[in-house]
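Just the heavy atoms: all of them, side chains too, but no hydrogens, waters or symmetry mates, feed the values below. The chains referred to below are lettered A, B, ... by the order of the sequence lines, with proteins before strands, and numbering in each begins at 1.
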Amino acid sequence: MENSKRKFFKLFGAGAVGVTLTSLASPKKIIANVSDLDNKKSNSNLEVKIHPQSVKRTKKG
Amino acid sequence: MKKSVLDYGLRVRLPITIMVILISYAITFYVSRSERDGVGYKPDQPINFSHKLHAGEMGIDCQYCHVGVEKSRHAVVPQASTCMNCHTMAKTDSPEIKKLTNYYESGEAIPWKRVHQVPEYAYFNHSAHVNAGIDCASCHGDIASMEKVEQVHAFNMANCLSCHRAPHEKMPYLADEIKKGPEDCSACHR
Amino acid sequence: MNNSVDKNKNQIDLPVVKSDSKPSVWRSLDEYDNTNSDNQLKVKANEFADGAENFDISSKSKFSRRKFMALMSASSAMAMAACTDYRDKGEIVPYIDKPEEVIPGIPNFYASTLISDGSGQGVLVKTREGRPILIEGNPQHPISKGKLDSNGIARLLDMYDPNRLQNPRKLQESKLVDTDWGTVDKEIIQSLNSASSSGKEIALFTGKIISPTFAKLIEDFKAKYPTTKVYSHELFNDNNKQEAWNKSTGGTTYPLIHLDKASIILSIDSDFLGTDGNVNENIRQFVVNRDFENPANFSRFYQVEGSYTLTGSNADYRLRLTPENYLDVIASLVNHFAAKQGKQTMSGFKSLEALAKENHWKHEAVSKLINDLESNRGKAIVIGGKQLSVDHHIAINYLNELIGANELYNKSESDYNVISLSNDKEISSLASRMKSGNVGVLINIDKNPTYHLPKLFSKENLSKVKTVVSLNEFENETTNNSNYVLGINHDIESWGDAKIRTGVISTQQPVIAPLYNTRQKEAILLNWINNVENYSEDVYHKYLQSNWETNIYPSLNRSVPFKEFWFATLHDGVTTFNETSIVPTEFDVSTVNSIKPTKKSNYSVILQENYFIRDGRYAGNGFLQESAHPITKVTWDNCAMVSPATSKELGVEIGDMLEVTLNGVAIELPTLIQPGMAEKVIAVDLGYGRTNSSPIGNGVGFDVTPFMSEKGISNWIYTGASVKSTGNKYELVSTQEHHALDDEFLRTQVRKDEKGNVIGGDETFARARGIIQESTVEGYLKNPRILKEHTHKVFSITKDFEYNNMKWAMSIDMNKCIGCNACSIACYVENNIPVVGKEEVGYGREMGWMRIDRYFAGTPDDPIMSNQPMLCQHCDNAPCENVCPVVATTHSQDGLNQMVYNRCVGTRYCANNCPYKVRRFNFYDFRDNLANGYYKTESTKIMMNPEVTIRARGVMEKCTFCVQRISEAKQKAKEEGRALKGSDVTTACQDACPANAIEFGNANDKDSRLAMMRDHNLGYHVLDYLNVKPNVTYLAKLRNSDSLGVKSEHH
């Protein structure tokens, strides 16, 4: 096969594989997700509990 | 034969350009499939809750369980204690209800499979739509006839905009009561 | 074998030897007999024989190993991609039993109070799904009226700091190990009992106690353990001021001042708009008389100071003066008025005129001051800084009496001291008792004495105490020397109450159950009084309630039963009642007799309170470390501020290290040249140089607490220091470039009149380009259109978009803006802005969406300073929108410049085009980048505002005019079925500003305050001649002086 053809296929093949692997490696929401929010793992140590005796505001002002 | 520029352009450049365009298109197409082709997604749920029974036959209003949808951005899947409002007594020997009761007693949250999801970079506001008078079925389809919930409309931006731009056509039951929805980016993308 | 061998150039032609003699050394019989074939010989001669060279790729199979590998990996990748259900969106997990207060998506607000810093500020904590995400002021609170200082806003980060103490710890084999509460309680109660029975002292070391219930608890503690003594200490306090008032009039606390009724204010080194007193209240009252709508009643404010403080930058006349001469100013004025009234004078002091000449004050300043004080009797007040000595305050009290300032004293309410701070003698006697082994138990309640008082609470001294218990939120220098380190709750996890003023008690309630295995500090002490086994989370809550029911509620004479009253108070966060306070003001003149002038010797050293780090407790808070000092604009460091003339004398530039020696203690500090300071004064912030804070706070800045001693004019002002340059260098990072544009090149031409006198011009580019526009009050009164005269109309050749409905715009009143930076920090918390760290700030990559720019005008020796909050101007003709190649930034139909993060590819062309440079780029995932991902942990994730996107690396961000709040307001309006009004939305910065300088709303609503400010004669846009049509209007600052500090006006 001609050298330039070979280079072409190598380049784009590698690119396609790279993109596929990257898209697989990141979590489901590919574009927007930043801070790796592992849905099951998160908040495993921290428990957010509201204090039952605290009185909340009925309106802000 | 002398190799001219045109020759080089046609033999090398053109195929490469076409190839790049096709591959980019293909990749984007495949990457965005979940939003586009979410249509028809009908996952199995941990408890076989039937909207057909509850919302259809029994006529329970959407907002009886999906509380807060007219006040808040989120519609939320109802808490297990809402189910137990009735199911501490209703049909307690059914295997599905037994599953539900198990979850409720153990305190483990029920991991429902999510069917509808607007991507994270878009902020959808249920309350604004509900208060405009839009029926739940306009976006979620005829849930009251579904045994298992399935996604009926594609949740991509084009679909949302089609309603925003032409609400009277898409939702004739609202007639004059609704005006055009926002087309500004920051309405959803903030 | 083929005959192409000879064409092959690689073949080496070796001589093929065929001889008759037998070789003496041979490898085979053939060789011996010389019967090798030709081929064999060729092989022997050349390793790479014929067949080996003949490798023709094209003759081999087309399918190579290389190709096989490539094909296999590609296909497996494709297969993997198809394997998962691409439509799978994960799970959605609801509550099992939702707390009824929570509606997912709607925030809840809880009223509470900040007590641990001794400020007692009323706050409103905003929670989402139970998580506190924002702390702001409580509008119901009569003192702060809805405002909160920067420290309070940033306090949220302390709650989620990964470095928080999560468990009680005890010292085992010289290491602190986690343990459980049962163990520590048992052991500490044992120690307390043994100390008490053996007559050894139990010392409770706290900060300022402002909680009445905590004070009662301490009494109960004393009853249980009779050898208990309480010491309360704050690094910065107003003890001198209190003592002086007590000496002068016999009263226990000095009076509050009606600053809003004062027309003339003379401050002697009081930073009352920055750190002195109740700052939010001071700012609110101060700006009442800085109203651009009422210029005839503008106040005039004189500041006398040696350093350059935030308050000084707001003065109409700033009189720079070395601290030793403060008494001279006061005495000189005293003498002027006392002579006229036939009262006692103070002798031996320099005159004001002499000081004015020495320090090159503006020539009309002194005469104006005296004239003002004379003609504004009853409306003029002299304020003394809390860091001055008792003598200074006595003299100031006398002066106030002479000028009739009595009328400005608040006669109905006063500050309330639940327990007075201990004085220095008491603390040092504690230290000596510790040293001699007479203290059995030292309980450090949320303080850091080893850092604040290093000589008294050194490791040595603390080791002489049998049991040292530290109750802290974080590890610090003192916990290193403690036997027990007990993690305590944050303010927003605690119950409590606070009384800092007569007639007002505010309550504190937890908005979230403790995140970790910590306990409230009051509850820990209560547990040591009660039975150990009876501890429950609720124990201090019950104690608090019962204290209110028995001791506080009965005297309030409320018509509702206690339970209703209690819930209503918790709901409001505060309760007010009539409490008469009589502050005696009869001045005892004899106290003035002993006041002698101070002699200046060599250099003076002023130890300042940093606006953000305070006494060092906030060293681990990234938001506060990254906030630029309002005057020096230095971040992540403290420095020795010196005047330009002094720096020339010392031969130092910015960043050069100076060795400051004071009373035998030598500390090396980096120089910062601060225009406007008095000569031969070194001003440096305390609270830095922490060694055991967190990865954020350790090693930041330089510790100058060793300088503190009794040998100064006061604990914070010293004289007699010697300074020399060491030749070392240090990198100080400042957000305002120190080597700015070449101003010489940009200066406007000097304007001269016919006689050749300079009448104007020669302005720096900030003035010339109209970035800062100011006027004098007189000039404005004479000609209201003074700013509009030199402007020309800017036109555009294209048709502009018509905004018919909503048009969001903002206006900032520079008369009210103090420059306190509360807006910037509120923006950080509201919009999930990351902290980038010192190195990145050095590259100019700080991510704050709103910054306060600082401009000087005049000469480096005595300039005036102008502030300007700069944020995205949301220009109608935004230059950033045109150039985005992917249309990630667009303009909305209601006037907002929108930023769509998911489209942005990071070209940065928009930031390039922005003339205001307000666009910030995420060069890194800064949370990941700073201190090994310090702020990218479980706990800091839940602090984020869920309504604001957390930006990825490579994405541009900028101020959005709080679009999430606009969306919320739109939703609310729709819910209530009404039209959206401009006043429905308040931005985070607007909420935070204590002076209410920021106004936000609908520019198309002609009745709104915003529209009035937008069209006002004093309103201007920055760089509006670029025709970008910005939507932030600045109202020009009016200075109540004769000049604007322009160079040509100095004598």
Which pairs would a plain distance check flag for residues 16-25 of chain B, meaning a side-chain donor or acceptor within less than 3.5 Å of a matching protein atom at least two apart in sequence or in another chain?
from    : atom 1 : to      : atom 2 : distance (Å)
B:Thr17 : OG1    : B:Arg13 : O      : 2.6
B:Ser24 : OG     : B:Val20 : O      : 2.6

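B:Ala132 touches chain C through backbone and side chain together, each having a heavy atom under 4.5 Å away. With a 4.5 angstrom heavy-atom cutoff, B:Val77 touches chain C via backbone and side-chain atoms both. With a 4.5 angstrom heavy-atom cutoff, C:Glu968 does not touch chain B via any of its atoms. Neither the backbone nor the side chain of B:Pro182 comes within contact range of chain C, judged by heavy atoms closer than 4.5 Å. Within the 4.5 angstrom heavy-atom criterion, no atom of B:Glu183 approaches chain C. Neither the backbone nor the side chain of C:Pro107 comes within contact range of chain B; no heavy atoms are under 4.5 Å apart.
Listed here is the closest heavy atom pair of B:Pro111 and C:Val93: CA-CG2, 4.2 Å. The nearest pair of heavy atoms linking C:Pro94 to B:Ala109 is O-CB, 3.5 Å. Closest approach of B:His189 and C:Asn902 over heavy atoms only: ND1-OD1, 3.4 Å. The two residues B:Arg190 and C:Ser967 come nearest to each other via the heavy atoms NE-OG, 3.5 Å. Listed here is the closest heavy atom pair of C:Gln898 and B:Cys185: OE1-N, 3.0 Å. The two residues B:Ser72 and C:Pro104 make their nearest non-hydrogen contact at OG-O, 2.5 Å.
Taking 4.5 Å as the limit, some side-chain heavy atom of C:Lys89 sits within range of a side-chain heavy atom of B:Gln151. Within the 4.5 Å cutoff, the side chain of B:Tyr104 has heavy atoms near those of the C:Asp97 side chain.
Here B:Val115 is the residue among B:Val115, B:Thr82, B:Val67, B:Val130 with the most heavy-atom pairs under 4.5 Å with chain C. Most heavy-atom pairs under 4.5 Å with chain C, from the set B:Lys113, B:His74, B:His126: that is B:Lys113. Top candidate by heavy-atom pairs under 4.5 Å with chain C, chosen from B:Pro46, B:Pro78, B:Ser127, is B:Ser127.
With no hydrogens or angles considered, a side-chain donor-acceptor pair links B:Tyr123 and C:Thr949 at under 3.5 Å. Using a 3.5 Å distance cut-off with no hydrogens or angles, the side chains of B:Asn131 and C:Glu975 do not pair a donor with an acceptor.
Here the straight-line distance linking atom CD1 of C:Ile103 with atom CZ of B:Arg73 works out to 14.5 Å at 0.5 Å rounding. Taken from CD in B:Glu70 to CD in C:Gln971, the straight-line distance is 10.0 Å, to the nearest 0.5 Å. For the atom pair CG (B:Asp184) and NE2 (C:His891), the distance works out to 9.5 Å, reported to the nearest 0.5 Å. Note that the CD1 atom of B:Ile110 and the CD atom of C:Glu91 stand 12.5 Å from one another [nearest 0.5 Å]. One distance of note links CD of B:Gln117 with CD1 of C:Ile92; it measures 8.5 Å at 0.5 Å rounding.
Applying the ring-ring contact (aromatic ring centres under 6.0 Å, His included) test to every pair with at least one member in residues 133-152 of chain B, sequence neighbours left out, gives these pairs: B:His116-B:His140.
Against chain B, no residue from residues 799-807 of chain C qualifies, as none has a non-hydrogen atom under 4.5 angstrom away.
Residue-environment remark: CE (B:Met146) exceeds the threshold of 12 foreign heavy atoms within 6.0 Å. Dense packing is recorded around NZ of C:Lys126, with more than 12 heavy atoms of other residues, nucleotides or ligands lying under 6.0 Å away. The number of heavy atoms from other shown groups lying within 6.0 Å of CZ (B:Phe49) is above 12. Residue B:Glu169 places its CD atom among 12 or fewer non-hydrogen atoms of other residues, nucleotides or ligands, all under 6.0 Å distant. More than 12 heavy atoms of other shown residues, nucleotides or ligands fall within 6.0 angstrom of atom NZ in C:Lys1029.
Salt bridge C:Asp88/B:Arg114: absent, no basic N to carboxylate O contact under 4.0 Å.
No option in C:Thr890, C:Thr960, C:Ile966, C:Val963 other than C:Val963 meets the side-chain contact (heavy atoms from CB on, under 4.5 Å) test with B:Ser186.
A search for salt bridge (Lys or Arg N to Asp or Glu O under 4.0 Å) contacts involving C:Arg919 returns nothing, not counting sequence neighbours.
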